[in-house]
Amino acid sequence: MVPAIYTVGEYAEAGGLISYGTDAADSVRQQGIYVGRILKGTKPTDLPVLQATKFRFVINLRTAKALGLEISPTLLSRADEVIE
């Protein structure tokens with residue numbers, strides 16, 4: 001139980017307080033699309049640079065309670081996943 005904010009959701013699932021970062025599954029999907037386009041003959045220099053559009057927000061309530069923290073209902077409602 002570490003009172004920290006991470007960029008990878010798995011850290012919050014493992015006991016971290018909060019995580020907010022890009023959705024790993026979406027990033028891997030985008031990488032696959034790029035590889036497919038390269039294998040079909042597109043030059044890597046012709047591919048656009050993409051910026052992440054999907055993010056994942058995870059709150060670990062077990063950790064918050066263990067640390068004596070109260071998470072606001074507004075913040076909880078915005079989370080993609082709440083670990084109880």
Side-chain angles (χ1 to χ4, degrees):
M1 291 177 281
V2 180
I5 298 175
Y6 301 94
T7 59
V8 180
E10 286 75 19
Y11 287 119
E13 292 167 4
L17 181 59
I18 294 175
S19 71
Y20 181 73
T22 58
D23 184 321
D26 187 58
S27 296
V28 170
R29 185 182 64 79
Q30 287 294 337
Q31 292 168 12
I33 292 170
Y34 265 44
V35 169
R37 290 176 71 182
I38 291 169
L39 291 174
K40 290 179 182 176
T42 304
K43 293 180 185 178
T45 55
D46 294 338
L47 291 173
V49 175
L50 296 179
Q51 190 170 359
T53 56
K54 278 188 161 182
F55 294 87
R56 188 169 167 231
F57 180 38
V58 181
I59 299 174
N60 190 326
L61 279 182
R62 286 183 299 197
T63 301
K65 288 178 184 177
L67 294 169
L69 300 173
E70 186 176 326
I71 307 293
S72 75
T74 303
L75 197 57
L76 289 172
S77 70
R78 292 180 181 241
D80 296 306
E81 182 179 349
V82 176
I83 299 168
E84 296 188 52

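Everything numeric in this text was worked out from a predicted model, so none of it was measured.
Contact of the Val82 side chain with the Ile71 side chain is not registered, since no non-hydrogen atoms from C-beta on lie closer than 4.5 Å. Residues Arg37 and Leu47 are in side-chain contact: their nearest non-hydrogen atoms beyond the backbone lie under 4.5 Å apart. Put simply, the side chain of Glu70 does not reach to within 4.5 Å of the side chain of Lys65, judged on heavy atoms. Taking 4.5 Å as the limit, some side-chain heavy atom of Leu76 sits within range of a side-chain heavy atom of Leu61.
A side-chain donor-acceptor contact under 3.5 Å links Thr63 to the backbone of Gly15.
One finds the CD1 atom of Ile18 at 8.5 Å from the CG atom of Leu69 (value rounded to the nearest 0.5 Å). The CG atom of Asn60 sits 10.5 Å away from atom OH of Tyr6, with the distance rounded to the nearest 0.5 Å. Distance check, rounded to the nearest 0.5 Å: CD1 of Ile5 to CD1 of Ile59 gives 9.5 Å. Taking CZ from Arg62 and CG from Leu67, the interatomic distance works out to 12.5 Å, rounded to the nearest 0.5 Å. Considering CD of Gln30 and CD of Gln51, their distance stands at 12.0 Å, rounded to 0.5 Å. For the atom pair Arg56 CZ and Thr22 OG1, the distance stands at 10.5 Å (nearest 0.5 Å).
Shown here for Pro44 and Ile38, the closest heavy-atom pair between the two residues is CG-CD1, 4.1 Å. Nearest approach of Ala12 to Ser19, heavy atoms of both residues: CB-OG, 3.8 Å.
Residues meeting the side-chain contact (heavy atoms from CB on, under 4.5 Å) test with Ser72, sequence neighbours left out: Thr74, Leu75.
The hydrophobic cluster around Val58 extends to Ile83, counting ILVMFWY residues whose side-chain heavy atoms fall within less than 4.5 Å of a member.
Taking the six-membered ring for Trp and thresholds of 30 and 60 degrees, Tyr20 and Phe57 have ring planes more than 60 degrees apart, a perpendicular arrangement.
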